[in-house]
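Right, one structure below, let's go through it.
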Amino acid sequence: MSSARPATSHYQRSVADYWNAEKNPVNLRLGDVDGLYHHHYGIGDPDWSVLEGPEEGREERVIAELHRLESAQAEFLLKHLGQISPEDRVLDAGCGRGGSSILTNLVHGCYVDGISISDTQVDFANKQAAKRGVSDKVQFHLKNMLDTGFETGAYQAIWNNESTMYVELGLLFAEHARQLRRGGRYVTITGCYNDAYGLPSRAVSQINAHYICDIHPRSFYFREMAANRLVPIEVVDLTADTIPYWEMRAKVPSLVTGIEDAFLEAYKNGSFQYLLIAADRV
Ligand code: GPP
Ligand code: MG
């Protein structure tokens with residue numbers, strides 16, 4: 001597998017095409033608030049009063065509020081990375097436009113590698129790092145998270161923020177275990193389908209079709225971590241914390257992408273769960 005051509009299958013190339021073309025206002029306008037461009041959802045209690053009050057400025061108020069909830073999600077993930085020193089290297093697998101990577105460098109001052117199979121995202125993220133003057137420590141690369149070519153044992157922490165549903169978990173965790181040093185930390189925030197519900201519900205299947213992804217069952221995460229020297233230390237069910245984000249997002253016509261009702265239905269019927277899983281590399 002060559003790093004110069006990171007999308008190695010027809011499937012991966014179709015995913016790269018999606019992200020190379022993607023310009024959703026819900027991502028770009030939220031990112032414009034403070035220059036942290038996220039590709040994940042929000043958690044926490046929204047301030048519903050932003051929808052009230054004068055119509056003038058309402059859209060900006062909701063954008064700022066949704067962005068605050070998405071940043072809260074990234075900060076929550078970041079809190080689970082464990083001790084990170086400025087000399088440490090961390091890896092953002094499926095970095096999107098770079099928001100989580102830049103935030104992690106802001107908080108810890110560490111070296112961050114972000115990787116994506118979308119060259120548009122990698123270029124965008126590197127421009128953001130340059131704008132902030134952190135390109136010496138935060139670098140984005142066109143790479144496949146299943147075969148990065150990065151050094152073995154070089155990373156203190158690795159995370160996937162809503163990007164595991166694009167890959168086979170067994171291959172992913174084997175590569176993460178290789179790159180993490182012993183005692184390092186792996187964290188994911190992910191949407192998974194609930195084994196206790198059964199197989200994927202219609203709403204889960206609609207989410208898969210919308211993003212061209214393959215949402216895994218909850219059980220696969222633990223099975224594949226256990227098989228790859230990743231031992232869970234914390235599991236947080238964020239389902240109830242993310243529903244209000246979707247309820248607010250669904251109320252803003254200029255931001256909706258059409259997938260909001262499927263998320264709300266999937267979370268509310270119990271077929272889909274939003275989880276943080278943190279694991280130690282042993
Ligand atoms: C959000 O990206 C994340 C994904 C597309 C991966 C799928 C996630 C699941 C939990 C199933 P985004 O911020 O680009 O999405 P949107 O454009 O809808 O805001
Ligand atoms: Mg988004």
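Both counts, for ligands and for their atoms, begin at 1 and track the order of listing.
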Location of contacts on M165 toward ligand 1, heavy atoms closer than 4.0 Å: side chain
Closest approach of any protein heavy atom to atom 3 (C) of ligand 1, naming residue and atom: E162 OE1, 3.1 Å
Minimum non-hydrogen distance to atom 8 (C) of ligand 1, winning option of Y211, F272, Y41, Y193: Y41
Any Q273 heavy atom less than 4.0 Å to ligand 1: no
Ligand 1 versus Y166: contacting region, heavy-atom distance under 4.0 Å: side chain
Shortest protein contact, atom 14 (O) of ligand 1 (heavy atom only): H39 ND1, 2.6 Å
Numbering as shown, the atoms of ligand 1 that approach W19 to under 4.0 Å (heavy-atom distance): 2 (O), 5 (C), 14 (O)
Geometric class of the W246/F263 ring pair [parallel <30°, tilted 30-60°, perpendicular >60°]: parallel
Heavy-atom donor-acceptor pair, D195 side chain to R218 backbone, under 3.5 Å: yes
The Mg ion (ligand 2) contact by Y41, N, O or S atom under 2.8 Å: no
Y166 and W19 aromatic ring geometry - parallel, tilted or perpendicular at 30°/60° bounds: perpendicular
For ligand 1, the portion of R249 having any non-hydrogen atom under 4.0 Å away: side chain
Working for side chain to side chain contact (heavy atoms under 4.5 Å, CB included), residues V26 and R29: CA-CA 6 Å; V26 73; R29 294 199 59 196; over 6 Å; no
Contact check: N24 vs ligand 1, nitrogen or oxygen atoms, below 3.5 angstrom: yes
Atoms in ligand 1 flagged as close to V26, the criterion being non-hydrogen separation under 4.0 Å: 17 (O), 19 (O)
Per-atom contacts, ligand 1 versus I215 - under 4.0 Å to a heavy atom: 11 (C)
Ligand 1 versus N27: contacting region, heavy-atom distance under 4.0 Å: side chain
Option among T239, N194, I207 that satisfies the side-chain contact (heavy atoms from CB on, under 4.5 Å) test with F272: I207
Side-chain donor-acceptor pair present, R185, H80, cut-off under 3.5 Å: no
